[in-house]
Amino acid sequence: MQAELARGQSQRAVAEQLRVPRATLQGWLAQEPSGDVPAALAQFVASEEGVAWLHRQVLAAQLVITLLAGAGIRQVCTFLELSGLSAFVASSYGSQQKLNAALEEAVVAYAEQQRQTLAAQMPPRRISVCEDETYHPEICLVAMEPVSNFILRECYAQDRSAATWTQALADALEGLRVEVIQGTSDEAKGLLRHVERDLGAHHSPDVFHFQHEVSKATALPLAREVEQTRRASDQASEEVAAQRQAREAHQRCSPRPRGRPPAFDARLHAALTAQTEADARCAQAEQRQQQARGCVRELADAYHPYELETGRAQPPERVAERFAACWRQLGELAEQIDLPERARERIAKAERLTTQLLATVAFFFATIQAKVEALGLAPEIEAAVHQQLIPAIYLERVAERRHALRRQSHALLEPLRRPDSPLQALPEQLRTDIETVASECADLFQRSSSCVEGRNGQLALHHHGKHRLSTRRLAALTAIHNYFIRRSDGTTAAERFFAHAPAPMFDWLVRNLDPPPRPAQKRPRAPRQTYLAPLAA
C-alpha cells in the first residue's frame, strides 16, 4: 500500500485495488501502529503482500473456528487479540460478525457454482442413498450418498412425510446424471413409502435398528439375572465363611462350653452346597448373557453377501440359515428366563425384518451379475471377478481396522496379481474398467445408514453452540462437508461423487471476499466509578 502510493498511484486507485473505501484507506494511513509492533512488521503489513497475508489469516481463523470447529465469533476475536493480529485487523465482535456472514454467503455461492460445473462433467451413475432426519429444533432432512459421503440434501422441512422426502430428494438431484436404485434407512413409514413407491428403488434396512431391538429386549433382563445370581453367590460365600469362623471360634474356646457341640460340619456342608448351586446359577446366567450377545453379533456378521472368514459368496439361503439359528437361540433364551411380553414383541419385530434383509442380499447379487455381464468378459475372467475380485474389494471395504479381514482380502487378490492370471493378459484400459465395475459392485451392498447418523451428530455439535442453525449456516456447513473436508487420501466428498476435483475452496474465498477491516483508533477507557470518592471542596 505504502509502496504504491510512493510510486505515485492515487489513493482512489490503491483503494480500488484493495477493495476498500477511500475513507478507510485514509484512516489506515492516518493511524499509527501500536508501540509493541516491530517497525518491520508494520511496514510489511502495510504492503500489498501484507494485506493479502492478513486476509488469509483472518479468513482461515473464521473458517476453521466457526465452520469446522463449531465455535463462535467471540473465539475468533479472542484469537486475533492473543495472536497480535488485532493491531492490524479489527477484532470487535461487530466487525467479525459481518465478516462471518459474508464468509457463509461466499461458501454457499461457491458450492452452487461448483455443483453446476461438476454436474456437467460427471459420468452417469446409479447410486444408493442413506436418509434420516434430525432436529435442531426444526425437522432437518439429511440425505447422503454413502460411498462418496457426499451430502445430497440437508434442509429444514415442515414434516417428514413421504411426499416431503421425495420433493427434497428431487430438488437435490436436479441436473445430476444419477439414478437412485437403493435407499438405506430405518423403518419409518414415510421413508419406506418414499423409497419403494415414489423412487421405485429397493429399500435396504439399517442393520443397527434390528440389532438394537434384540439388544433392548434381552440386555436388561439378562443383566438383572446376572446381578441377582452374583449377589446370591456372594451371600452364599459369606455364609460359608461365617460357618467356618464359628467352628474355629468354638474350637478355640477354653474351657469348651458344656453340652453337645453344634453340628458345624452339617451346617458347613449345607452352606457349601448352597454356594455350589448359587455359583452354578450365576455361571448359567452369565452364559445366557454371552449367548444373547453372541446372537446379536452373529446377526450382524451373517448379514453380508460374502463370508467374512473365507470371502466365499453367501447366497440368501445361507444367510437365512444363519438368521434362523439366531432366532431359534433367542427363542430358547426367552423361554428360559421368561422374558416379558414386551421384550418378546421386540424380538418378533426384529425377526420380521428377515425377509427384507434377505431381499437386499438377493438384490445385491442380481445387480452385480448384470453389471459384470455388461462387460462381456470371457467365462474364466468373469468367474475371477465374481469369486475373487469383488469379494476382495468388499472385504477391504468392511475391514476398516479388522486385520483378519484385510489379510483375507489380500489373499483373494494375490492370485489376480500374478503374471499368469488371465486378468493380467488383458489390456490396461479393460483392467481399469473391470476394477471400476468391481468396486461399484462391492459398494452396492449398503447395510447401514451410519454416515447419516454421524452427520446428524456433527450438526448437533453446531446446534448446541448456536441453539438454532440458520438456513444460511446450514447450507454453509453442507458446503464445507462436501467441498472442503478431505479424507486421508486427499479427496473431498465432491471429488468422489462427481469423479472430478472441485476448485480449491479456500483460494476461491480469498479471491472473492474483501480484505478484513483495519482496527479503529483506540479510545481511552472511561475511569472506573467509585462510590466513596471525596467531594471537591
Side-chain angles (χ1 to χ4, degrees), residues 1 15 18-37 41-42 45-46 50-111 136-138 458-481 484 505-506 508-529:
M1 179 173 62
L18 295 177
R19 289 183 295 181
V20 297
R22 184 185 176 191
T24 301
L25 176 62
Q26 291 174 339
W28 292 353
L29 294 173
Q31 181 177 343
E32 293 293 332
S34 172
D36 299 333
V37 178
L41 179 58
V45 172
V51 172
W53 178 80
L54 274 178
H55 188 27
R56 292 187 70 90
Q57 304 310 305
V58 176
L59 276 186
Q62 283 274 3
L63 183 69
V64 173
I65 294 175
T66 65
L67 294 182
L68 281 179
I73 297 171
R74 296 194 187 279
Q75 281 68 37
V76 178
C77 300
T78 303
F79 166 78
L80 296 176
E81 292 285 346
L82 295 178
S83 64
L85 295 178
S86 59
F88 312 104
V89 176
S91 59
S92 65
Y93 182 88
S95 60
Q96 291 301 314
Q97 193 275 336
K98 291 179 182 178
L99 179 57
N100 186 260
L103 174 65
E104 290 180 357
E105 292 176 355
V107 167
V108 175
Y110 163 87
H136 39 83
E138 300 95 339
Q458 285 287 325
L459 289 178
L461 295 177
H462 288 273
H463 168 240
H464 291 164
K466 288 289 185 180
H467 302 293
R468 184 187 183 280
L469 295 177
S470 65
T471 303
R472 183 187 67 202
R473 186 171 186 84
L474 180 63
L477 293 175
T478 305
I480 290 291
H481 174 96
F484 184 78
M505 174 186 282
F506 190 70
W508 189 93
L509 294 174
V510 169
R511 292 193 305 270
N512 288 272
L513 281 172
D514 293 335
R518 290 297 180 99
Q521 292 286 353
K522 298 293 184 182
R523 301 180 180 88
R525 290 188 176 182
R528 180 183 176 187
Q529 180 181 3

Quiz prompt | ring pair (Phe, Tyr, Trp, His ring centres under 6.0 Å), paired with Tyr110, selected from Trp508, Phe484, Phe506 | solution = Trp508

Self-check item: From Tyr93 atom OH to Asn100 atom CG, the distance as rounded to the nearest 0.5 Å
Solution: 8.0 Å

Quiz item: Would one find more than 12 heavy atoms of other residues, nucleotides or ligands at under 6.0 Å from atom CZ of Arg74?
Solution: no

Exercise. Determine the minimum heavy-atom distance between Ala61 and Val76, stating which atoms define it.
Key: O-CG2, 4.2 Å

Quiz item: Any idea which heavy atoms bring Ala111 and Ala479 closest together, and the distance?
Solution: CB-CB, 3.5 Å

Quiz item: So, for Ile65 and Gly72, which heavy atoms are closest and what is the spacing to 0.1 Å?
Solution: CG2-O, 4.0 Å

Quiz item: Is any side-chain heavy atom of Glu138 less than 4.5 Å from a side-chain heavy atom of Thr471?
Solution: no

Quiz item: Hey, is the main chain of Leu54 close enough, under 3.5 Å, to the side chain of Gln57 for a donor-acceptor pair?
Solution: no

Quiz item: Which pair of heavy atoms, one from Ser91 and one from Ser86, lies closest together, and at what distance?
Solution: OG-CB, 3.5 Å

Quiz item: Considering only heavy atoms from C-beta outward, does the side chain of Thr66 approach that of Glu104 to under 4.5 Å?
Solution: no

Quiz item: OG1 of Thr78 to CD1 of Ile73: how many Å apart, nearest 0.5 Å?
Solution: 12.0 Å

Exercise. Report yes if the side chains of Leu67 and Leu103 come closer than 4.5 Å at any heavy-atom pair, otherwise no.
Key: yes

Practice problem: Give a yes or no on whether the backbone of Val58 and the side-chain of Gln96 come within a donor-acceptor separation of less than 3.5 Å. | Solution: no

Quiz prompt | Test item: Asp514 and His55 side chains (from C-beta on) under 4.5 Å apart, heavy atoms | solution = no

Quiz prompt | Heavy-atom closest pair, residues Ala475 and Val108 | solution = CB-CG2, 3.7 Å

Self-check item: Steps toward side chain to side chain contact (heavy atoms under 4.5 Å, CB included) verdict (Ile480, Met505)
Solution: CA-CA 9 Å; Ile480 290 291; Met505 174 186 282; 3.7 Å; yes

